[in-house]
Participant: 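Below: one structure in structure tokens.
Residue numbers begin at 1 in each chain, while the letters A, B, ... track the order of the sequences. Just so you know, these numbers use all the heavy atoms, side chains as well, and skip hydrogens, waters and symmetry mates.
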Amino acid sequence: EVKIGMITTLSGGGASLGVDTRDGFMLAMEAAGRDDVEIIIEDDQRKPDVAVQLADKMIQSDKVDILTGIVWSNLAMAVVPAATAQGKFYLSTNAAPAQLAGRGCDPNYFSVSYQNDNLHEAAGAFAKSEGYQKPFIMAPNYPAGKDSLNGFKRFYGGELAGEVYTQLGQTDYAAEIAQIRASGADSIFFFLPGGMGISFLKQYADSGVELPVMGPAFSFDQGILQAVGEAALGVKNGSNWSKDIDNAANAAFVEGFQEKYDRLPSLYAAYGYDTANLLLSALDKAEPSEAEAFRAALKEADFDSVRGDFAFDTNQHPIQDIYIREVIKEGDVYTNKIVATALEDRSSAYVDECSMN
Amino acid sequence: MSRERILNAALLAALVLVPAWAVWADEPFTITLATRAVIFALAAVGLNIALGIGGLVSLGHAVFFGIGGYAMGILASHAQSYTPLTEWPFVIEGTKSMPVIWLVAVAASSLAALLIGLLALRTSGVYFIMITLAFGQMMYFFAISWPAYGGEDGLSIYVRNGFPGLNTLVPIQFYGICLAWLCAALLFSARLMRSPFGLALNAARQVPERARAVGLDPTRLQLVALVISGAITGLAGALFADLNRFVSPTMLSWQMSGEIMVFVIIGGVARLFGPVAGAGFYVLLEHLLGGVSDYWQIFLGLFLLVVVLFGRGGLIGMLAGRRRDG
Amino acid sequence: MAETVLATHDLRKSFGALAATDGVSIDLRAGEIHAIIGPNGAGKSTLIAQICGALRPDAGRVAFLGQDVTGLSTQARARMGLARTFQTSALAMEDTVLQNVLLGALGASGRPWQFFGRASRDGALRDRAEAALEAVDLAELSELRTAELSHGQRRQLEVAVALTLAPRAFVMDEPMAGLGQEGSKRLTGFLDGLRAQAPILLVEHDMDAVFALADRISVLVYGRVIATGTVDEIRRDPRVREAYLGDAA
Amino acid sequence: MSALLLAEQVLNGLQSGVMLFLMAAGLTLIFGVMGLINLAHGSLYMVGAFAAATVAGLTGSFLLALVAALAAAAGAGALVELFVIRRLYARDHLDQVLATFALILIFSEGTRWAFGSFPLYLDIPEVLSGTVTLPGGIPYPAYRLLLIVLGLAVAAGLWWLNARTRLGIRIRAGENDREMIAALGVDISKLYTLVFALGAGLAGLAGALVGAIQSVQVGMGEPVLILAFVVIVIGGIGSIKGALIGALLVGLTDTLGGVLLPELFKLVTDPASAASIGSAFASMAIYILMAGVLIWRPTGLFGARA
Amino acid sequence: MSLLSLHRVTASYGASQALFGVDLQVAPGEAVAFMGRNGMGKSTTVRCICRMLPAQGTLVFDGHDLSRLPSHRAARLGIGLVPEGRRCFRDLTVAENLVASARKGHWDQPRVETLFPRLAERRRQRAASLSGGEQQMLAIGRALMTNPRLLILDEATEGLAPTVRQEIWAAIARLKSETGMAMLVIDKSLKELRGACDRAVILERGRNVWQGPFEALTPEVSGQYLGV
Ligand SMILES: Nc1ncnc2c1ncn2[C@@H]1O[C@H](COP(=O)(O)OP(=O)(O)OP(=O)(O)O)[C@@H](O)[C@H]1O
Ligand SMILES: Nc1ncnc2c1ncn2[C@@H]1O[C@H](COP(=O)(O)OP(=O)(O)OP(=O)(O)O)[C@@H](O)[C@H]1O
Ligand SMILES: [Mg+2]
Ligand SMILES: [Mg+2]
């Protein structure tokens, strides 16, 4: 009997991400049909203190062996160190902040999704390969935003037309668009998660500026794209998953998900699905109570990822291909299609800082 | 004994008996939940002094709560990494000792309350609500974008801080510390309400011109009340950070201020045990409803509505009658 | 001549184009009741507000106990012993009658910074408060919430609070307003005896009371003192009769 | 930075100010005139946006969508007034705070329950998309010009209603002394329901209009709520003129702060950290503005009451 | 037939009862003085008539049962109130205060301003900054603007200068003779009530203790119940 605790955001503004994470995860779990695995799911309301207490509850009362599911970096930072310190395994379905990949890496912590910088790095590499000379880059002013721009610059490396930090939660981008127009930029990279990205894209499309736009996959994910509509068409975005990645696991996942939930899966659903399958593969080999063996089993990553080739680096973050997708319209639905591979077998920038070598 | 007193005694008994039962039944999470409620209650007892007696409707109490939290986070993180806070003009080391952290938290939040009060008390009424909110938002945005202590990601402390003679990692022992503080704060505010200061403050709220005419300075009375209030809420913040072993800007957000205020209002404004009843009810409701459905907040909202519409004077008022005791 | 306790020198205050007090110089001497009368809107309350420090004059000075207090706050003047009553009752409505007078006693004692101990159990405070209630016949109602008092009872309480200060001078803005005839008569008798304790600057429209009490009367019209004198002088003054008294003389 | 760009940014600031006013207009009415602290104002804004998105999706008509937004929000407002707010006028502000806080929870999660967790699609109509060229050669979105015109029109209308009509006078009288205005024969309850519905309708309209260039999602009302309060308080409660000027000030401060502060810090530090520090201060700018104004004038720029 | 008729009216503030059965009749065109010491229940009775306080017993105005009506409906039947303590709308100007209550009829803004020229001078000033007496005039003017059939004056001359008070009593006399407005007058001055009213009703501790024409109001009666 194995107990898994999932803490994710199921209410409030960010609920769509948590719902997809859960649905993807449960799709794989139910397909496996194991009756010796119990899954406890709780809503963190996107509040760090609530997340911490849920973790406490799962560890103290429910006595779970494994935790997973957190969407946001700040919540992960609140929960993961304490959970791993108590000897629990944590498998990340999304958030993977730099600290946890570098100096704060932990033998009990695995990121199944990526390292936070990865998708931005892909955009940077793409900008370079396209030969852009002066991209204008922007992100909100908080740690993930800074990591994002740094990630972009790491692989782009050239000159910038401008670098702007917007306010978290900003809804009007007229000023930034004016700056872009005046800067002589030849392209734009932005990281504006959630509603911020929707607002920016709508306003940008209506501004008369027509530069190529790049971003990480978050702002072009299945759930959000429909709300952006036509304004998103043609945008290039860095992603390690797309529904058109051609492998059997992915085909099964996309079909299964659509069938069960009657909508297209998102990135978060894909990570949730992979996390569940990784877990199942390890459970086949060892019990979580035998920590050493279980850890080794996880490390093998002996499962069919929807992303194709998948392996863990020494800091237990993925080594994987990262693609560039383009937003297209398929019938009535806006969706993405892979147009290039930006980075092959990419690990993460912080792997050398991690002491687990 | 009035009904309110009986109610207060029952609440106090519950604060002792529920965790005792949890230890016996080996339900550590119940203790965690109770600790959360007790800490929130402490924060709200702080606010109740400003809001209930002083009439200062502060929508910025998260500032003090957060400052208390960051006092803990900063001191402990430096102690954890063996780096001093500053080396100039003299070396200040971090610490993992709760009493020292409390002292710093109380000092820092009082200072903040003093500064905010000096400026904010120029205004009154709704303007006061908004100016305190403004200070809260400033702190919040500052904390989010200031990278030194984690920005929006916050600060994690791996092990709870220590208290001489206790093992704070044992939930019930940490709970004991928090409960002791809550009782001390309740005792203090009970005496305060009836004291000469309480009388003067109460009058300064209702008729400042009268207070002035008898030689009292309402602004100064209110300032002192705000400082006391901020100090207690700051202490609660330090405890809350220790409970979670984590502090982040959410502790400074306006939603946090709003929640502390909600505890006071649903419990009963200016009622001694109002904050306790309010925080306990809210935490319990949040916990129980969380499992009902994804849309549990609808029910939470409905519950709160029922309390305001039908329970004048909050929960305590609903159960013990309108008239205040004492 | 008795010493001057309170005096204004050429006080001026305007609201926009309106000169509410326009060079007022009056004084209050020990042991006397000095009544200020004048039409509605003449500037009496404005004058009182300046004397007590609630309004800052545009020009002129206020002297109290021989000291220039123009720059001092209301509370500082109150602590020096200047007690006032308000034209519209200013009482803590949620508190009991006793608590209202206790507040006065507390202000007078100058020790509000006590966080422990019950205000209502403090012997000295309580004696002082109860004496004041006794004086205005409210002792029986001391446990009632102030909001439950009738209008007239509130007016009585208003005077009681001023009494608790054991002041060096009283400034009263229409203390009789809202009292019944019986109440006015009683208060008149009471104020009569009070002048020995401290002189009273009395603003009042109740002419029976004013004529019975005042040692001197000053008449304020459009912000200016048009006459000062004894009761008889004022009653006879044709300008005052025209501007204010009418048949009441 | 060139003078032309600066001019354009000033224009953007003013524009965002007017947009803020549009969002704050309903709140000015309810908070400023009726004296009711309505935290659920942001929820009504959201209701308007969702109603508009739904109707636009069904009919394809933006005009119908606006009508739907107005109607849905006004209807929701009237219901809220009748069943909740009405019982709270006699209570102090705190009970209103708690009740409307509860309404936020109900509205937000109710909307999510009805519409799902994903943002909705609402776009500006074809005829208003694209840009017009302003004098000086600045291309400017036509839709935003429309928002400015509407915002100013709403300001004028509200001012007229409040200051010049008997309805406005009676409502303000009711705020001073409800019992007394009723005793003089005015059915103040009905007026209040009406005004509340009107304020809610304006919120809904703003939600739809602004939602078309922002994201229509659960929780979209919360940041708006705070901004709207900031605007009204800076201007002085009860003053429509104050609200408009407050909105313009906030818009300018916000926009220019975001643009100029990073430039300023570039003089002393490298571009990346200048951008970050500058933007950190920019996000505090409007709150510093508000605190400054209130310290200078404790009842806002045009507020009368103490 | 009386215009206003109260029979065995009782009322309480929460737990404490203030009226213990008050009877009161006012006929059309009649002026009734309503008297009693401080705190005896005069204003409480007025609150019951104006539906500002729930009451038990019979309250009838012009054939309408008041006890079921909300405050504003009672007022629209023709009850105009000058409340104790004035209660002007603080943040409204003088003119707005008058407009707020206006209903069609004899009294309009110019007429009120002729009655109280002082109000015309202060037309655009906020009520809160008026002098006490000016506020009192405003409160009377505001009640007249509703064109009532019964005007209730609760301490309407409190705080007024003697000259103004004389004017107001004169105005009251004129109102009564010219417009036939019925009046219920509470005032402290027995002398002036005697001049202006036809009849007196005296309350003591929430009960009627005496009523009758002024001629019958002997010094003994007034000494016993009014203390004068
Ligand atoms: N804040 C203010 N702004 C404008 N005018 C004011 C203000 N305060 C008072 N006034 C005006 O100044 C004049 C004097 O007012 P004040 O209250 O001193 O009169 P008063 O003599 O006390 O009259 P009363 O006997 O009626 O109380 C009045 O006309 C009043 O309208
Ligand atoms: N709001 C209230 N709450 C509780 N009790 C009240 C309230 N108002 C008045 N009372 C009580 O009701 C009684 C009658 O008061 P009321 O105001 O009717 O007296 P009144 O005859 O008008 O006196 P006055 O001449 O002093 O105005 C008083 O004893 C008072 O204590
Ligand atoms: Mg006066
Ligand atoms: Mg009365």
Side-chain angles (χ1 to χ4, degrees), chain B residues 46 49-50 52-55 110 184-229 231-232 268-272 312-313 317 321-326, chain C residues 48-49 52-54 72-86 88-96 98-122 124-125 129 145-147 157-158 161-165 167 171 173:
Chain B
I49 289 177
I53 317 177
S110 317
L186 283 171
L187 193 68
F188 176 73
S189 74
R191 311 224 28 191
L192 187 80
M193 282 183 189
R194 294 166 177 193
S195 71
F197 176 77
L199 180 73
L201 182 62
N202 203 355
R205 162 173 64 89
Q206 299 174 55
V207 268
E209 67 272 23
R210 160 59 66 204
R212 261 182 237 117
V214 298
L216 300 170
D217 183 345
T219 313
R220 204 181 297 172
L221 290 165
Q222 289 172 333
L223 186 60
V224 171
L226 194 66
V227 168
I228 294 174
S229 165
I232 295 177
V269 175
R271 306 287 185 133
L272 182 60
R312 289 188 164 215
R322 249 183 94 64
R323 203 102 181 230
R324 278 178 209 151
D325 190 28
Chain C
I48 288 193
C52 298
L72 293 188
S73 65
T74 308
Q75 45 287 21
R77 294 180 207 203
R79 282 196 291 265
M80 285 175 68
L82 185 62
R84 75 172 294 190
T85 67
F86 290 86
T88 333
S89 302
L91 298 165
M93 290 296 172
E94 292 170 18
D95 290 357
T96 63
L98 180 65
Q99 281 171 326
N100 269 286
V101 271
L102 274 175
L103 177 75
L106 187 63
S109 74
R111 337 171 252 134
W113 306 113
Q114 290 182 5
F115 303 102
F116 302 100
R118 290 174 85 145
S120 58
R121 298 246 174 94
D122 183 318
L125 287 184
R145 269 176 69 225
T146 307
L157 181 55
E158 185 77 27
V161 178
L163 282 179
T164 56
L165 296 183
V171 178
D173 199 353

Participant: Give, as side chain, backbone, both or neither, the part of B/Val207 having an atom under 4.5 angstrom from any heavy atom of chain C.
Facilitator: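 Answer is side chain: those atoms of B/Val207 sit under 4.5 Å from chain C.
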Participant: With respect to chain B, which residue among C/Leu165, C/Val161, C/Thr164, C/Asp95 yields the maximal number of heavy-atom pairs within a distance under 4.5 Å?
Facilitator: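 Of C/Leu165, C/Val161, C/Thr164, C/Asp95, C/Asp95 has the most heavy-atom pairs under 4.5 Å with chain B.
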Participant: To the nearest 0.5 angstrom, please state how far the CD atom of B/Gln206 sits from the CD atom of C/Gln99.
Facilitator: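 It is 9.0 Å, given to the nearest 0.5 Å.
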Participant: Go through B/Pro196, B/Gly215, B/Ala190 and name the one with the most non-hydrogen pairs under 4.5 angstrom from chain C.
Facilitator: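 Going by pairs under 4.5 Å, I would pick B/Pro196.
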Participant: Would you say C/Ser73 and B/Asp217 make side-chain contact, with heavy atoms under 4.5 Å?
Facilitator: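 The answer is no; the side chains never approach within 4.5 Å.
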Participant: Measure C/Leu82 against the heavy atoms of chain B and call it side chain, backbone, both or neither at under 4.5 Å.
Facilitator: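 The backbone, not the side chain.
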Participant: With respect to chain C, which residue among B/Ser195, B/Ala213, B/Pro208, B/Ala200 yields the maximal number of heavy-atom pairs within a distance under 4.5 Å?
Facilitator: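 Sorted descending by pairs with chain C, the first entry is B/Ser195.
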Participant: Classify the angle between the aromatic ring planes of C/Phe115 and B/Phe188 as parallel (below 30°), tilted (30 to 60°) or perpendicular (above 60°).
Facilitator: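 Plane angle between 30° and 60°, so tilted.
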Participant: With rounding to the nearest 0.5 Å, note down the distance linking CZ in C/Phe116 to CG in B/Leu192.
Facilitator: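 Atom-to-atom, C/Phe116:CZ and B/Leu192:CG are 8.0 Å apart.
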Participant: Tell me, side chain or backbone of C/Ala54 under 4.5 Å from chain B's heavy atoms, or both, or neither?
Facilitator: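 The answer is neither part of C/Ala54.
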Participant: Which atoms of B/Leu221 come close to chain C, meaning under 4.5 Å heavy atom to heavy atom: side chain ones, backbone ones, both, or neither?
Facilitator: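 B/Leu221 touches chain C through backbone and side-chain heavy atoms alike.
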Participant: If you round to the nearest 0.5 Å, how far is CG of B/Leu199 from CG of C/Leu106?
Facilitator: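 If we round to the nearest 0.5 Å, C/Leu106:CG and B/Leu199:CG are 6.0 Å apart.
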Participant: Given a strict heavy-atom distance threshold of 4.5 Å, which part of C/Arg77 is in contact with chain B: side chain, backbone, both, or neither?
Facilitator: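 Neither; nothing under 4.5 Å.
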Participant: For a 4.5 angstrom cut-off between non-hydrogen side-chain atoms, does C/Glu158 reach B/Arg210?
Facilitator: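 Yes, close enough: below the 4.5 Å cut-off.
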Participant: Side chains of B/Val214 and C/Leu103: does their closest heavy-atom pair fall under 4.5 Å?
Facilitator: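 Sidechains of C/Leu103 and B/Val214: in contact.
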